[in-house]
Amino acid sequence: MSNEKIALEINHVEKIIENGRQKNVILKDISFQLEEGTVTAIVGKSGSGKSTLLTIAGGIDAPTKGTVLLFGKDYYRMKPSEQERFRNENIGLLFQNYHLISELTCEENIRMPVCFSKNASRFDEKNLNTWIKKVGLNDKRYLFPAQMSGGEQQRTAILRAIVNHPKILFADEPTGALDSGTGNKIIRFLAGYAHNSGTTVLLVTHDMDIAAQCDRIIEMADGEIAG
């Protein structure tokens, strides 16, 4: 590990689900670090634990054992109010089902987080217009989600996730609804954004072509880091 600042540190994380006398071990002794401004892909077969690892790293689901340090702070030892404040100020989340608001247009969905953020001063109108053009949504600005394709909705969700310039972004299959050409374009956009802004990106993908364009790949197998 270089002398760069550490954005995320996962230490001996385990996830165990108990059902009566049965124990289902989802994650086994996971440890790694991510530097600021890097893009890392988690890959692995279905059931390997990659999505569970993402939700734990992203502050959504507490581990059974181990610690998650975000910018040096032990996230799961924070009080709920402290966690909420920390998420709002530092974390961006991108889910597979997008969670777009049907009554808002494409551009209104992208802008929506700015209205509720203490980081509104980070918002840059010029950046937003550049991003919308780069991801191919310029002619979709005033369409509602029902009028857009799945890929267009996904690109809208990606821009919404970064509009407040989070320090770290967690993304579940960010190119899953896109064709290969558009997917490659979007991962290059995210990588460029991360490297230029200093935002750390941790994403789950099943597409090895997408993973190969990231700075680092973490391969999961049977709840463990392979290799």
Side-chain angles (χ1 to χ4, degrees), residues 4 6-10 13 15 26-27 30-61 68 70-71 75 87 90-100 110 113 131 134-135 150-221 223-227:
E4 295 296 322
I6 302 303
L8 172 68
E9 187 173 349
I10 302 290
V13 159
K15 185 65 178 181
I26 309 299
L27 295 177
I30 303 291
S31 295
F32 63 89
Q33 295 178 338
L34 300 184
E35 296 176 357
E36 291 184 7
T38 58
V39 183
T40 300
I42 303 174
V43 301
K45 295 180 180 179
S46 178
S48 62
K50 58 186 184 297
S51 292
T52 299
L53 176 56
L54 188 75
T55 59
I56 289 174
I60 300 170
D61 183 26
V68 175
L70 285 159
F71 306 101
Y75 180 84
R87 281 197 308 270
N90 299 284
I91 296 176
L93 298 170
L94 179 62
F95 302 100
Q96 286 194 57
N97 53 3
Y98 317 142
H99 294 299
L100 298 181
I110 295 169
W131 292 348
K134 276 189 175 181
V135 302
E152 290 162 354
Q153 291 181 43
Q154 188 165 38
R155 281 174 275 165
T156 300
I158 289 170
L159 295 190
R160 183 186 59 185
I162 66 172
V163 72
N164 279 333
H165 296 285
K167 291 183 179 179
I168 188 165
L169 172 66
F170 298 95
D172 193 1
E173 297 284 2
T175 62
L178 306 176
D179 61 76
S180 59
T182 305
N184 286 328
K185 180 179 178 180
I186 293 303
I187 198 64
R188 287 195 297 269
F189 168 78
L190 276 178
Y193 168 76
H195 297 154
N196 290 329
S197 68
T199 293
T200 303
V201 179
L202 181 62
L203 61 90
V204 163
T205 183
H206 68 279
D207 189 331
M208 290 306 298
D209 288 336
I210 294 297
Q213 298 181 64
C214 297
D215 300 309
R216 180 181 175 189
I217 298 174
I218 296 174
E219 184 176 357
M220 299 288 297
E224 299 177 283
I225 295 178

J.: Any chance you could measure Gln154, atom CD, to Leu100, atom CG, to the nearest 0.5 Å?
T.: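 Here the interatomic distance stands at 10.0 Å.
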
J.: Just to verify, what does Ala171 make a side chain to side chain contact (heavy atoms under 4.5 Å, CB included) with, not counting sequence neighbours?
T.: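 Listed in chain order: Leu94, Pro174, Leu203.
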
J.: Considering only residues two or more places apart or on different chains, which pairs with a residue in residues 175-191 satisfy salt bridge (Lys or Arg N to Asp or Glu O under 4.0 Å)?
T.: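 Sorted pair list comes back empty.
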
J.: Taking side chain as C-beta onward, heavy atoms only, is Ile30 less than 4.5 Å from Lys15?
T.: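 No. Closest side-chain heavy atoms not under 4.5 Å.
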
J.: Return the set of residues passing salt bridge (charged side-chain N to carboxylate O under 4.0 Å, His left out) with Lys134 (not counting sequence neighbours), or none when no residue passes.
T.: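 With sequence neighbours excluded, Lys134 shows a salt bridge (charged side-chain N to carboxylate O under 4.0 Å, His left out) to no residue whatsoever.
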
J.: Do the side-chain N and O atoms of Tyr98 and Arg160 include a donor-acceptor pair separated by under 3.5 angstrom?
T.: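 Note: Tyr98 and Arg160 side chains miss the donor-acceptor criterion.
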
J.: So do Phe32 and Leu53 actually touch side chain to side chain, heavy atoms under 4.5 Å?
T.: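 They are in side-chain contact.
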
J.: Check whether any side-chain heavy atom of Leu169 lies under 4.5 Å from a side-chain heavy atom of Thr200, and answer yes or no.
T.: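 Result no, sub-4.5 Å side-chain heavy-atom pair not found.
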
J.: Compare all side-chain heavy atoms of Asn164 with those of Pro113 and state whether any distance is below 4.5 angstrom.
T.: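 In short, these two side chains touch, coming nearer than 4.5 Å.
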
J.: Working to the nearest 0.5 Å, report the span between OG of Ser51 and CD1 of Ile60.
T.: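 The CD1 atom of Ile60 is 10.5 Å from OG of Ser51, to the nearest 0.5 Å.
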
J.: Are the side chains of Leu8 and Phe170 in contact, using a 4.5 Å heavy-atom criterion?
T.: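 Yes. Closest side-chain heavy atoms under 4.5 Å.
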
J.: Where the side chain of Thr199 meets the backbone of Ile168, is there a donor-acceptor pair that is under 3.5 Å apart?
T.: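 Not a single qualifying donor-acceptor pair exists.
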
J.: Determine all donor-acceptor pairs shorter than 3.5 Å in which one atom belongs to a side chain in residues 37-48; sequence neighbours excluded.
T.:
from  : atom 1 : to    : atom 2 : distance (Å)
Thr38 : OG1    : Glu35 : O      : 2.6
Ser48 : OG     : Lys45 : O      : 2.8

J.: Only counting residues at least two apart or in another chain, list the ones meeting salt bridge (charged side-chain N to carboxylate O under 4.0 Å, His left out) with Glu152.
T.: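 For Glu152, the residues satisfying salt bridge (charged side-chain N to carboxylate O under 4.0 Å, His left out) (neighbours in sequence not counted) are Lys140.
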
J.: Which pair of heavy atoms, one from Pro166 and one from Gly92, lies closest together, and at what distance?
T.: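 Pro166 and Gly92 have their closest heavy atoms at CB-N, 3.4 Å.
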
J.: Calculate, to the nearest 0.5 Å, the distance between atoms CD and OG belonging to Glu36 and Ser197 respectively.
T.: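 The CD atom of Glu36 sits 10.5 Å away from the OG atom of Ser197.
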
J.: If the condition is ring pair (Phe, Tyr, Trp, His ring centres under 6.0 Å), which residues does His206 pass it with, not counting sequence neighbours?
T.: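 None.
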
J.: Output all residues satisfying ring pair (Phe, Tyr, Trp, His ring centres under 6.0 Å) with Phe71, sequence neighbours left out; order by chain, then residue number.
T.: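 Not a single residue meets the ring pair (Phe, Tyr, Trp, His ring centres under 6.0 Å) criterion with Phe71.
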
J.: List for me each residue that meets side chain to side chain donor-acceptor pair (under 3.5 Å) alongside Thr52, sequence neighbours excluded, and say none if there are none.
T.: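 Checked Thr52 against side chain to side chain donor-acceptor pair (under 3.5 Å); zero matches.
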
J.: Go through the structure and list residues passing salt bridge (charged side-chain N to carboxylate O under 4.0 Å, His left out) with Asp215, not counting sequence neighbours.
T.: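 Asp215 satisfies salt bridge (charged side-chain N to carboxylate O under 4.0 Å, His left out) with no residue once adjacent residues are dropped.
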
J.: Only counting residues at least two apart or in another chain, list the ones meeting side chain to side chain contact (heavy atoms under 4.5 Å, CB included) with Gln96.
T.: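 With sequence neighbours excluded, Gln96 shows a side chain to side chain contact (heavy atoms under 4.5 Å, CB included) to Asp172, Glu173, given in chain and number order.
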
J.: State which residues pass side chain to side chain contact (heavy atoms under 4.5 Å, CB included) with Asp207; sequence neighbours excluded, sorted by chain then number.
T.: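 Applying side chain to side chain contact (heavy atoms under 4.5 Å, CB included) to Asp207 gives Thr205, Asp209, Ile210.
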
J.: When you compare the side chain of Asn90 with that of Leu70, does any pair of heavy atoms fall below 4.5 Å?
T.: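 In short, these two side chains do not touch, never coming nearer than 4.5 Å.
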
J.: Among all residues two or more places apart in sequence or in another chain, which pass the side chain to side chain contact (heavy atoms under 4.5 Å, CB included) test with Asn97?
T.: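 Checked Asn97 against side chain to side chain contact (heavy atoms under 4.5 Å, CB included); matches are Phe95, His99.
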
J.: Find out whether Val68 and Val13 are in side-chain contact, i.e. whether some heavy atom of one side chain is under 4.5 Å from a heavy atom of the other.
T.: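 Val68 vs Val13: side chains touch.
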
J.: How many angstroms lie between CH2 in Trp131 and OH in Tyr193, if you round to the nearest 0.5 Å?
T.: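 These two atoms lie 5.0 Å from each other.
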
J.: With the side chain counted from C-beta on, respond yes when Ile186 and Arg155 share a heavy-atom pair under 4.5 Å apart, and no when they do not.
T.: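 In contact.
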
J.: Specify the closest pair of heavy atoms between Ile187 and Cys214, including all atoms of both residues, with the distance to one decimal.
T.: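 Scanning both residues, the minimum pair turns out to be CD1-SG, 4.3 Å.
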
